[in-house]
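Reckoned from all heavy atoms, side chains included, excluding hydrogens, waters and symmetry mates. Just so it is clear, the model here is predicted, and its values are computed rather than measured.
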Amino acid sequence: MKLRRIAVLLRKDLFQGPKNFLFVWAFLGPVAISLVVSLVFGTLFTHEPTLGIVDEGSSQLVALIEELPSINNREYTESSELREAVASGVVDVGLVIPSDFDSLVSQGEEVSVPVYVWGESLAQDRTVLAVAIANQIRELLGEEAPVEIEAVTLGNEMNIPWSDRLLPFIVLLAVVFGGFVLPATSLLDEKEKRTIDALTITPTSVGEVFWAKGALGLIISMVIGIVILILNQAIGTQPALLILLLFLGSIMAVAMGLLLGSVFKDVMSFFATVKALGIILYVPVILYMFPSLPQWIGKIFPTYYIVEPIVEVSQRGGGWPEIALNTSILILIDLLLIALIAVTLRGKRQYAV
């Protein structure tokens, strides 16, 4: 197996791809859906997150927060007034700063800070505000402060905005279509036109063809997934972790596509099967759209382990500890699928001999 031959095959697919409707749709489809959702639900040109503050003393923290360019601030005089503003959605998050806050944190004593969260606020707004508050407290003290934030959700917590509910579907659509459908149909197209037979007469091996198709799907899946997250302002505070999750999810999609592409003989039979069984891929995101449904059902389906970690990091502000288990399962699924591809290729080489 030579990287040079794989690169030549990949370049050929990339240059000829724009002539193929499926290739173009893999790019434009998820982006178009994302733009429509963003415009309909008002998240494309969304306002900056709003933070309400009650300063019971004269804390320097207020001045530090006011310097932040990406946050709107509203000051209130009473805690009850702030609670009402949060419950009605006037502000996304409300912060009550105790009168002796500055002196206590400077002495290293633990301080409890009440924070009110509007249950229907956008997840990314909550994440931005939570990180901003933590960073400004750290800047005030110059080190990690012994501050305990007591979050109280007001309003309907289960009323997740539809822009948040639909984001996992759009991300999964990008990953599955770019990583799953494209490699499979590209491989099947080679079979139908018998160009794969012509390639294997040359020094090019079937394995190199598979690697090239897989690289095509991986690149497109990653690029479109990142574009979708950027358009929906869901990159969050840990973009490197999100990119890793997209990479692992794309590997799963690519491996599934290559396996099915090796089994079927033509594109029509492939799509007939995908139409019948494709709903299985989207069960986890359908469950996420309707939080009242039993969410544990999603764990039965492999795509759950793509969706759940991405949602945890991008919308809930989670880190590695929160996604370690599901990401480990995703890695195991990837390794299993890669092993199945290796067995399939070995069988094809023996058949050729």
**Q.** CG-OG1 distance between Leu245 and Thr327, expressed to the nearest 0.5 angstrom
**A.** 5.0 Å
Q: Kindly say whether Pro49 contributes a backbone atom to a donor-acceptor pair with the side chain of Asn72 at under 3.5 angstrom?
A: no
Q. In Å and rounded to the nearest 0.5 Å, what is the CG to CG distance from Leu82 to Leu51?
A. 8.5 Å
Q: Say whether, by atom type as modelled, one donor and one acceptor occur between the side chain of Asp100 and the main chain of Ser103 under 3.5 angstrom.
A: no
Q. Between CZ of Phe180 and CG of Leu259, what distance do you get to the nearest 0.5 Å?
A. 9.5 Å
Q) Out of curiosity, Ile331 CD1 to Leu336 CG, how far, rounded to the nearest 0.5 Å? A) 14.0 Å
(Q) Side-chain heavy atoms nearer than 4.5 Å, only ILVMFWY residues, links allowed to pass through others: does that put Trp320 and Leu325 together? (A) yes
Q. If you count the non-hydrogen atoms of other residues, nucleotides and ligands that lie under 6.0 Å from CD in Glu78, is the total more than 12?
A. no
Q: Would you indicate whether Gln60, at its atom CD, is surrounded by more than 12 heavy atoms from other residues, nucleotides or ligands within a distance under 6.0 Å?
A: no
(Q) Suppose we screen for ring-ring contact (aromatic ring centres under 6.0 Å, His included). Which residues come up paired with Tyr282, at least two apart in sequence or across chains? (A) Phe169
Q: Consider only side-chain N and O atoms of Ser269 and Asp266, and report whether a donor and an acceptor are under 3.5 Å apart.
A: yes
Q. Got Leu281 and Met256 here, is their nearest side-chain heavy-atom distance under 4.5 Å?
A. yes
Q: Ignoring hydrogens and angles, tell me if any N or O in the side chain of Lys191 forms a donor-acceptor pair with the backbone of Gly261 under 3.5 Å.
A: yes
Q. Step by step, would you call Lys265 with Glu192 a salt bridge (charged side-chain N to carboxylate O under 4.0 Å, His left out)?
A. CA-CA 7 Å; Lys265 293 183 178 180; Glu192 290 184 25; over 6 Å; no
(Q) Quick check against the 3.5 Å criterion: does Tyr305 have a side-chain atom that pairs as donor or acceptor with the backbone of Ser328? (A) no
Q) Is a side-chain N or O of Gln295 found less than 3.5 angstrom from the main chain of Leu287, in a donor-acceptor match? A) yes
Q. Quick one: does Asp334's side chain have a donor or acceptor within less than 3.5 Å of a partner on Met252's backbone?
A. yes
**Q.** Sequence-distant partners of Phe301, ring-ring contact (aromatic ring centres under 6.0 Å, His included), two or more places apart
**A.** none
Q. Is any side-chain heavy atom of Tyr116 less than 4.5 Å from a side-chain heavy atom of Leu95?
A. no
